[in-house]
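Shown next, in structure tokens, is the structure this report addresses.
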Amino acid sequence: MTEIPEGGRAAAGTLEDLLAGRMPDERGRFGAYGGRFVPETLMPALELLERGASEALADPAFQAELGAQLADWIGRPTPLTRAVRLSERWDADVWLKREDLAHTGAHKINNAIGQALIARRMGARRVIAETGAGQHGVASAAACARLGLPCTVYMGEVDAARQRPNVQRMELLGARVVEVGSGDRTLRAAIDEALRDWVSDPESTYYLLGSAVGPHPYPWLVRQLQTVIGREARAGLLLASGDLPDAVVACVGGGSNAIGIFHAFLGDPEVDLVGIEAGGSGAGPGEHAATASRGTPGVLHGSHSLLLQDRFGQVRDTHSVSAGLDYPGVGPEHSFLAAVGRVRYTSVGDDEAVEALEECAAAEGIIPALESAHALAGGRRLARATPGSTILVGLSGRGDKDLGILDDLRRTGRTTSDAG
Ligand SMILES: *Cc1c(COP(=O)(O)O)cnc(C)c1O
């Protein structure tokens, strides 16, 4: 294990370092955050992955293959839609980057196909992945099917019970789903179990991690594979409107869709970048998952970052109506961007997110994922604060998967996820 940096120390490194490509540094740090806090037995596998991934991403032949998969199989570039009726209602110029139209219904596929290609290139014989609500599991299973790689997905028993259709999808796509009965029996336990599997066979197994979290090189690698969102959106908006947006808003769970859309705008100081976390049902412990806005430094799943913990360092339970945002950690690059003040992080509660989902569906004919609805609600708040501004919202995924949750809410006022 590498040494744990002192909590509360000011961020080492600047935004200029990040923009100049000097970050993550050779220890995998974004300023004070990031690194590799894993058992010694995993260090060689992470070093091998770092080398394999850097070589792949720098290889024009690999980029050509990735580009072809993004275009022909995922359907990129995804559209940039001007939300005409929301713009009128909010007195703003609102644009939606439509990751809901990417194959399998969310941005997660960008990362899954990229890493599956890297796994094949590195000669992996099998791929493993973790999943919470099942979205990353489905994306991984689809990407592995596409490339002919055997895939095993770890999923908590609680999640598997409340997300049956995603278990069916993964199995149809040829993946083996392993239900995890240990720990909290949700995403946290699934990640622990996937890491355990990887430790037992790091040579021939590739671990396909689903967000910009975990030990180095994952936060960097996942970001590199998701920056296509922001590159397309920035170019598309310049073409359509001739100008940059006043603000870019995205939801933050582990942080992959947000870092993916923010990155292209980090060097545009006039563009306000806003990350929206899950405010859940309240500000008390266990009621939300607002990690970057309310967390403190600590180590979770191999990385030093902000995290929701009690004063003894025990990771807190979290709550959100949206499973994809219900995670007590956040990627180290977000912790760094919060520390240097380049991105603002704030939270939107369950009720406000559901209301934004319903408003978008009725006004635009688009049912967003509950996760994405948090970003929409954040966009609406921004519009109220600065009328007439141009706001780009990252619509990370589609909401079909959330119909059951919305139904529960309407009938009982609570979701089955509360039972977890
Ligand atoms: C998983 C998911 C998220 C949250 O993950 P990030 O890594 O924070 O992007 C957001 N939106 C959708 C639709 C998701 O499936």
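Order of listing sets the numbers, starting from 1, for every ligand and every atom in it.
Using a 4.0 Å cut-off between heavy atoms, Ala369 contacts ligand 1 through its side chain alone, with no backbone atom that close.
Look at Glu333 and Arg342 and you find no salt bridge, because none of the NZ, NE, NH1 or NH2 atoms lies under 4.0 Å from a carboxylate O. A salt bridge between Arg185 and Glu179 is absent, with no side-chain N of the basic residue lying under 4.0 Å from a carboxylate O of the acidic one. Between Asp192 and Arg188 there is no salt bridge, since none of the side-chain N atoms of the basic residue sits less than 4.0 Å from a carboxylate O of the acidic one.
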- Message: Evaluate Arg82 against Asp93 for side-chain contact (heavy atoms from CB on, under 4.5 Å), listing each step before the verdict.
- Response: CA-CA 8 Å; Arg82 180 155 191 275; Asp93 195 14; 2.4 Å; yes
- Task: Determine, step by step, whether Asn111 and Gln115 satisfy the side-chain hydrogen bond (donor to acceptor under 3.5 Å, both in side chains) criterion, reporting the C-alpha distance in whole Å, the side-chain angles of both residues, the deciding distance to 0.1 Å, and the verdict.
- Result: CA-CA 6 Å; Asn111 170 54; Gln115 286 200 55; 2.8 Å; yes
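For a threshold of 3.5 Å applied to N or O pairs, the pair formed by Ala106 and ligand 1 contains no separation below that value. Distances between N or O atoms of Ser256 and those of ligand 1 include at least one value under 3.5 Å.
Residue, atom and distance of the protein heavy atom nearest to atom 11 (N) of ligand 1 are Ser396 OG, 2.7 Å. Protein heavy atom closest to atom 4 (C) of ligand 1, with residue, atom name and distance, is Gly324 O, 3.4 Å.
Which parts of ligand 1 touch Gly255 is read off a 4.0 Å heavy-atom cut-off, strictly below it: atoms 6 (P), 7 (O), 8 (O). Per-residue contacts place Gly253 under 4.0 angstrom from the following atoms of ligand 1 (heavy atoms of the residue considered): 8 (O). Close approach of ligand 1 to Gln135 is summarised as follows: ligand atoms under 4.0 Å from at least one heavy atom of the residue are 15 (O). Within ligand 1, the atoms closer than 4.0 Å to a non-hydrogen atom of Gly397 are 13 (C), numbered from 1 in the order shown.
Under the 30°/60° scheme for interplanar angles, the aromatic rings of Phe262 and His334 are found to stand perpendicular.
Under the 3.5 Å distance criterion, the side-chain polar atoms of Ser372 are matched with a main-chain donor or acceptor of Gly397. Between the side chain of Arg85 and the backbone N or O of Ala362 there is at least one donor-acceptor pair closer than 3.5 Å.
The closest approach between His107 and ligand 1 falls below 4.0 Å for a heavy atom of the residue.
Closest to atom 14 (C) of ligand 1 by heavy atom, among His374, Lys108, Glu371, is Lys108.
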